[in-house]
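The shown structure was predicted, so the numbers you read here are calculated from the model rather than taken from an experiment.
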Amino acid sequence: NRNPAPTFTPIFTNPPPCSLPTSATLSPSAFPPRSWRNLGIEDPLFRCFRRRRGGRVFLSGAMEVDESSPSSLLSSPSSLSSDSIDLNFLPFLRREPKSEPASPEHGPLPPPLPLPLPPQATAAIAVAFAAPTTPDLSSPEVLTPLQSLPPNPDEDALFAEYCRLASLYLLSAGAGAIVPAPTPEAAAPAAVQPGSGSAAKKRRPRSSELVRVSSLSVRDQIYFRDLVRRARITFESLRGLLLKDDERAEALGLAGVIGLGSVDRRRVRADLRAAALMADRDLWLNRDRRIVGPIPGIAVGDAFFFRMELCVLGLHGQVQAGIDYLSAGQSASGEPIATSIIVSGGYEDDDDRGDVLVYTGHGGRDPNLHKHCVDQKLEGGNLALERSMAYGIEIRVIRAVKSKRSPVGKVYFYDGLYKVVDYWLDRGKAGFGVYKYKMIRIEGQEPMGSVNYRAAEHLKVDALSMRPTGYLSFDISMGREIMPVALYNDVDDDRDPLLFEYLARPIFPSSAVQGKFAEGGGGCGCIENCSIGCYCAERNGGEFAYDKAGVLLRGKPLLYECGPYCQCPPSCPNRVSQKGLKNRLEVFRSRETGWGVRSLDLIKSGTFICEFSGIVLTHQQSEIVAASGDCLVHPNRFPSRWLDWGDISDVYPEYVAPNHPATTDLNFSIDVSRARNVACYFSHSCSPNVFIQFVLFDHYNVSYPHLMIFALENIPPLRELSIDYGMIDEWVGKLTM
């Protein structure tokens, strides 16, 4: 893992050259900078030189204004050619960002909770009922915001206040809260080292340098993809642990949030708290440069469930506003420049046709009615979009789509780059003036994630209307799986998957799963759903592996699920992977990878996908079968990618990866030469989006666990599933040919 050296191309190294007409006579002493505000000019696009004749000022291409009457207003600005404007000299109006009203599903930004303790520190947790010492609120460490604020940006001020509160509540705890018992190491003052993440640091402000990233090799692309994935895993792992802590606190009767007294926990979103913890440790990406165009490591079609995740990755830097831009005060050209937008469907005047988008500017809406009540102004983000059009700067477009699979009811897809080709002031449906921007998607990009999402939803209902030909089977499992597994080939005449017997569950050798290995000491005796303290929880190291939604909290060497020897009902949250498929999978033929697998459903990171199935052979049987050239899968060759899922060491340096429950050497193999399931068609990748987690539930022989496959990241519909097989040899090729 070397540090790649991509090329960063500055957007503005110096202001554009002057091209003033020779007939202009400019007098800086007579017309000082920023004096245009005295003329009452409302439209910042009205940038033109001035000529002085007697006591009157002539604005090129516009009506004349009496200089002796500062209150004169310009009712309608005239269009000017940008070729005749001196961007280096002319006195531009200074326009600062203005916040867009919050979406209905997003309320005010609450402060985060303190960092949850790692599982190995649970023995050191004590319930403190005495009120802790109140920190000195006049201390600079408390009052200093985590973000440097530009002049008068309402949205940035809101975010700075949220970050300040995050720092405050990381230093304090409310009465009756669960707090870590002090240890000698914790009592000692911690020295803050750059990049160590061992203590909260002042948050680094966003850079004002606009750059494009180019010259990325394949190796560099893999590096940045893994970098982005690590940040996303950290974010999701923290969010899951915070939610788990909330559940434990509610079970103890602590309904309030630590540091917020009686405030209900359900009103404090875990995604905001997770992002604040990462911000305190300088883990937000792309803060050192403001990237125009594609973000390294983020692919077109990537899916996100939280807007704060977009901020963490630098894809869209605004917490609530739909337009992300560099303000005029920070821009080297002296003008605001837009870099990304979010199309959330909150504006009734938007016209979204996919490749062609008419986007409505922000502002002018009542925060309670969510309707326009005043005319929009060409300032802030609205002006930034116009300036991006003038300079030909591409805009990243993120679309929000409603989804029942999302914790917040919608999912955000990065749909690629667009160019602003036109803008105008129009009368909106509410009767007020709105600025509209026509954007056209740049050709040659990957398919849009939002389009694939809608196409996949249609395929699940009426596949033949979209694909009249190519289907070889609508369910190669022949009903053995809960969800059908389709087989599709529109490339060639290959029909090989139909020649194999479909095994939804692996067949273990009887000697490995019978006798003493069957019961393994018995299961739990829970009458209702299992809870902390039951026998199965103790087997997992004193905790359960999944949250209420069935999402894996963190990977382990081995997981124990409740099985046939347990008394708990089928609804027990510790029964997840044994229930089989929950997503509509499709085996398809590809020119690049041969046979592959994709999902028609949106798969959330940490969720179970399917099991790797076949005929399980002992070590002695494997040696005999291998001599005949049959296709064998060796579980001990899969890399330990489970170590990545749940890793919060970047935020909590003392975090140690789980080593319990432990497994033995896995010397068995899985014969898939005659019988197999959908997992055998997963393609190999050095940067995969799924990983193997070993699980036991129907027997307790640790030498023969089930190979369960979980999502390592959010996988959008119709994206190919890939796994890291480890040692690449002939058997991998046999699976995908």
Quick one: ring-ring contact (aromatic ring centres under 6.0 Å, His included) partners of Phe413, sequence neighbours excluded?
Tyr453

My understanding is that only residues two or more places apart in sequence, or in another chain, count here; which of them pass ring-ring contact (aromatic ring centres under 6.0 Å, His included) with Phe304?
none

Looking at [Y] and [X], is there a salt bridge between them, counting it only when a charged N and a carboxylate O are closer than 4.0 Å?
| X | Y | answer |
| --- | --- | --- |
| Glu309 | Arg239 | no |
| Arg273 | Asp245 | no |
| Arg230 | Asp650 | yes |

Pairing residues for Ile222 by the side chain to side chain contact (heavy atoms under 4.5 Å, CB included) criterion, not counting sequence neighbours
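Residues passing side chain to side chain contact (heavy atoms under 4.5 Å, CB included) with Ile222: Val218, Asp226, Ser687.
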
Provide the closest heavy-atom pair for [X] versus [Y] in the form atom of the first, atom of the second, distance.
| X | Y | result |
| --- | --- | --- |
| Tyr325 | Ala384 | CB-CB, 3.6 Å |
| Gly301 | Pro716 | O-CG, 3.3 Å |
| Phe638 | Ile692 | CD2-CG1, 3.8 Å |
| Ile323 | His316 | C-CE1, 4.0 Å |
| Ser403 | Leu602 | OG-CD2, 4.3 Å |
| Leu216 | Pro296 | CD1-CB, 4.1 Å |

How many angstroms lie between atom [atom1] of [X] and atom [atom2] of [Y], to the nearest 0.5 angstrom?
| X | Y | atom1 | atom2 | result |
| --- | --- | --- | --- | --- |
| Leu310 | Asp324 | CG | CG | 10.0 Å |
| Phe691 | Trp645 | CZ | CH2 | 7.0 Å |
| His684 | Asp724 | NE2 | CG | 5.0 Å |
| Leu315 | Leu285 | CG | CG | 11.0 Å |

Could you tell me whether the side chain of [X] and the main chain of [Y] form a donor-acceptor pair under 3.5 Å?
| X | Y | result |
| --- | --- | --- |
| Arg554 | Ala657 | no |
| Ser406 | Val408 | yes |
| Arg396 | Gly293 | yes |
| Ser388 | Ala338 | yes |
| Tyr412 | Ser344 | no |
| Arg212 | Pro294 | no |
| Arg598 | Arg719 | no |
| Arg441 | Asp415 | yes |
| Asp350 | Asp352 | no |
| Arg289 | Ser207 | no |

Checking side chain to side chain contact (heavy atoms under 4.5 Å, CB included) for the pair Asp271/Phe235: CA distance, chi angles, key distance, verdict?
CA-CA 8 Å; Asp271 59 305; Phe235 174 83; 3.7 Å; yes

Does the side chain to side chain contact (heavy atoms under 4.5 Å, CB included) test come out yes or no for Glu543 and Leu553, once each step is laid out?
CA-CA 10 Å; Glu543 62 180 9; Leu553 293 175; over 6 Å; no

Going through the distances and angles, do Tyr359 and Ile395 end up as a side chain to side chain contact (heavy atoms under 4.5 Å, CB included)?
CA-CA 12 Å; Tyr359 182 76; Ile395 306 296; over 6 Å; no

What verdict does the side chain to side chain donor-acceptor pair (under 3.5 Å) test give for Ser649 and Asp647, after you've listed the backbone C-alpha separation in whole Å, the side-chain angles of each residue and the deciding distance to 0.1 Å?
CA-CA 6 Å; Ser649 58; Asp647 184 2; 2.8 Å; yes

Side chain to side chain donor-acceptor pair (under 3.5 Å) partners for Lys244, two or more places apart:
none

Can you name the residues that form a side chain to side chain donor-acceptor pair (under 3.5 Å) with Asn452, not counting sequence neighbours?
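Applying side chain to side chain donor-acceptor pair (under 3.5 Å) to Asn452 gives none.
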
Glu713: which of Arg225, Lys604, Arg232 passes salt bridge (charged side-chain N to carboxylate O under 4.0 Å, His left out)
Arg225

So does Glu446 have more than 12 non-hydrogen atoms from other groups sitting under 6.0 Å from CD?
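No, not enclosed.
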
Test side chain to side chain contact (heavy atoms under 4.5 Å, CB included) on Met439 and Leu385 and set out the steps.
CA-CA 10 Å; Met439 303 183 184; Leu385 283 174; 3.9 Å; yes

Side chain to side chain contact (heavy atoms under 4.5 Å, CB included), paired with Tyr546, selected from Thr607, Val576, Val551:
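Among the candidates, only Val576 passes.
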
Residue pairs, two or more places apart or on separate chains, that pass salt bridge (charged side-chain N to carboxylate O under 4.0 Å, His left out) and touch residues 337-346
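Checked against salt bridge (charged side-chain N to carboxylate O under 4.0 Å, His left out) - neighbours excluded - no pair reaches residues 337-346.
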
